[in-house]
Amino acid sequence: MKAVEAMHCDVAVVGAGAAGIAAAVAATKAGAEVIIVERQGFTGGLATTAMVGTICGLYYRNPAGARYAVQGFAREFAESVQAKSQTQITRFAEGLHFLPYRPAIFHQEAVRRLQQAGVRLLLRGHVTGVQVDARQVHELRIQTQSQVLSVYPGAVVDCSGTAQVSMLAGVERIREDSYQAGAFVFQVSGLPPIAPESLEWELIRCIKRGIQIGGLDPCCERVSIVPGSWEQGRALFKLGMSVPFDGSIACLTQYELDARERSVRMIDYLNRNEPLLAHLSISAMATEVGIRTGERSQGIDMLGQNHVLSCSKPDDGVAIGTWPIEFWGAQRKPDMHYFALDDGYWITAGMLVSRHLDNLFFAGRGFSATELAMASARVIGTCLGTGYAAGSLAAQFSNTREWQTAIKTIRSQQIFAEGA
């Protein structure tokens with residue numbers, strides 16, 4: 001093991017998912033020197049590792065058509081991913097719209113944006129320690145395969161999705177007895193040449209028949225085809241987990257084991273017993289089960305269910321949420337709570353700023369929100385928005401030791417459409 005290497009930066013971003021990418025780009029745009037640390041060997045977070053397949057939260061809800069709610073980096077990034085994925089905005093139920101994408105394209109676009117901005121990217125780096133001094137993160141200890149790094153940041157943006165920095169710093173987090181149930185995505189080839197809507201109906205019919213005669217596990221009924229993913233006889237299948245996530249390594253391990261085994265058994269059964277589906281095969285599997293929510297950091301403010309459903313718009317709003325509350329519990333389908341058409345709620349700067357550490361900011365699935373509120377705000381489109389805002393706030397703090405001034409800058413850049 002080599003000696004500890006010391007690195008200094010204005011802003012350190014933990015996690016190179018949607019929020020982390022946006023945070024790093026925003027901070028560099030504000031003049032900060034930025035290091036981003038990612039535990040995987042590639043960027044994109046769950047958008048790539050869990051093969052999510054759709055970007056939600058970019059548009060207002062309206063049955064008549066899609067209209068962007070986000071502006072600036074979030075829209076530019078999404079439109080570039082769309083063009084390279086060669087996909088179209090897809091209309092879903094209740095006037096919802098989302099953007100299908102190819103996970104590999106998401107990763108490539110993320111790398112391009114980070115390199116273009118001059119961000120220093122540390123892949124396969126695990127944050128193993130946080131040193132705090134006078135209410136500030138003084139040092140991040142990073143473990144790589146061959147060395148240990150000490151990063152000394154002016155400010156930190158935690159986009160880990162697990163409140164990793166708050167946990168390692170030993171400060172209070174927002175914790176639940178259980179969280180939303182996860183989901184596992186895998187790609188299936190050899191699909192019959194019929195319309196996607198008819199295909200999903202046939203799939204569910206065949207699975208129900210298999211469950212009734214004892215050939216399939218009842219949990220297989222939680223499978224669905226990711227909308228907009230069908231292409232040339234291939235599509236992404238999403239298998240919902242049958243129990244909520246309790247935050248433990250034991251639950252996560254069981255998720256990973258069950259999801260893969262159940263997926264293989266299900267496709268094998270359909271091959272052998274359903275003539276229409278006799279040519280199915282699994283051509284790819286997600287690197288990990290998608291965990292929708294988990295521990296979150298405590299902010300100065302907290303986003304609640306009432307803020308979401310009433311479309312609250314406080315003066316210090318810095319990002320917008322337009323996706324409904326989509327809560328995945330033990331049932332087969334999510335519990336949906338909608339707010340008004342063509343409207344959204346604003347996420348405040350105080351929800352992205354730590355209550356306990358002056359130079360700690362957060363975004364993505366780990367900012368300060370209740371479990372039900374995060375069931376809306378966790379989607380990729382909103383993560384891009386909160387990430388960009390948090391990166392701007394962190395850069396301002398690193399430069400001036402205060403972040404309030406950055407709110408006006410964020411609003412002036414029209415990060416979201418205030419005319420909602």
Side-chain angles (χ1 to χ4, degrees), residues 11-30 32 34-38 43-47 55-58 70 72-74 77-78 110 113-114 117 119 127 137 153 155-167 173-174 292-303 316-321 323 345-355 357 359-370 373-374 376-398 403 406-407 409-410 413 415-416:
V11 176
V13 179
V14 178
I21 295 160
V25 170
T28 56
K29 185 175 181 179
V34 180
I35 292 174
I36 186 168
V37 184
E38 169 54 45
T43 63
L46 292 181
I55 302 178
C56 302
L58 295 172
V70 300
F73 176 80
F77 184 88
R113 295 277 176 164
L114 293 172
V119 175
V127 181
V137 175
V156 176
V157 185
D158 187 349
C159 299
S160 65
T162 58
Q164 188 175 19
V165 176
S166 292
M167 178 195 65
R173 285 98 64 205
I174 301 168
R292 291 185 167 97
T293 56
E295 288 189 9
R296 299 174 295 282
S297 294
Q298 286 189 344
I300 296 173
D301 301 327
M302 181 182 291
L303 180 69
D316 61 340
V318 290
I320 188 169
W323 196 253
Y345 57 92
W346 293 357
I347 295 163
T348 69
M351 297 167 187
L352 311 180
V353 180
S354 175
R355 181 190 303 178
L357 299 171
N359 69 338
L360 175 60
F361 304 81
F362 21 77
R365 297 180 298 121
F367 77 82
S368 184
T370 64
M374 188 52 68
S376 165
R378 62 177 175 77
V379 294
I380 294 174
T382 309
C383 287
L384 289 167
T386 58
Y388 198 93
S392 300
L393 296 169
Q396 173 74 21
F397 183 89
S398 178
W403 49 265
I407 297 173
T409 302
I410 295 169
Q413 292 174 342
I415 302 305
F416 56 96

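One-based numbering along the sequence shown.
Inter-residue side-chain proximity for F397 and V353 is flagged as unmet; no heavy-atom pair is nearer than 4.5 Å. Using a 4.5 Å heavy-atom threshold, the side chains of Q298 and R173 count as separate. Taking the side chain as every heavy atom from C-beta outward, Y345 and S376 approach each other to under 4.5 Å. The shortest distance between side-chain heavy atoms of T370 and L303 does not fall below 4.5 Å. With contacts defined as side-chain heavy-atom distances shorter than 4.5 Å, the pair R378/W323 does not qualify. Residues V11 and V157 have side chains in contact (heavy-atom distance under 4.5 Å, counting atoms from C-beta outward). Looking at heavy atoms from C-beta onward, R113 lies in side-chain contact with F73 at the 4.5 angstrom threshold. Side-chain atoms of Q164 and D158, non-hydrogen and from C-beta on, do get closer than 4.5 Å to each other.
For T382, the side-chain contact (heavy atoms from CB on, under 4.5 Å) partners at least two apart in sequence or on another chain are I347, A377, V379, T386. Listed by chain and number, the residues in a salt bridge (Lys or Arg N to Asp or Glu O under 4.0 Å) with R296 are E176, E371 (sequence neighbours excluded). When the side-chain contact (heavy atoms from CB on, under 4.5 Å) test is applied to T348, the partners found at least two apart in sequence or on another chain are D301, P314, D316, M351.
The distance from atom CD1 of I36 to atom OG1 of T28, rounded to the nearest 0.5 Å, is 10.0 Å. Taking CZ of R365 as the start and CD1 of I380 as the end, the distance is 10.5 Å to the nearest 0.5 Å. If you take CD1 on I174 and OG on S297, they are separated by 7.5 Å, rounding to the nearest 0.5 Å. Between L352 atom CG and I300 atom CD1 the span is 10.0 Å, to the nearest 0.5 Å.
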>> Test side-chain contact (heavy atoms from CB on, under 4.5 Å) on V13 and C159; report intermediate values, then the result.
In response: CA-CA 7 Å; V13 179; C159 299; 4.2 Å; yes
>> Evaluate V119 against I35 for side-chain contact (heavy atoms from CB on, under 4.5 Å), listing each step before the verdict.
In response: CA-CA 6 Å; V119 175; I35 292 174; over 6 Å; no
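Of the candidates V137, V127, V37, V137 is the only one forming a side chain to side chain contact (heavy atoms under 4.5 Å, CB included) with V156.
The shortest non-hydrogen separation linking A26 to S392 is CB-OG, 3.6 Å. The two residues A389 and I410 come nearest to each other via the heavy atoms O-CD1, 3.7 Å. Taking each heavy atom of A18 and L384 in turn, the nearest pair found is O-CD2, 3.5 Å.
Of the possible polar contacts, none joining the S166 side chain to the A163 backbone as a donor-acceptor pair under 3.5 Å is found.
Relative ring orientation between W403 and F361 is described as perpendicular, the plane-to-plane angle rising above 60° on a 0-90° scale split at 30° and 60°.
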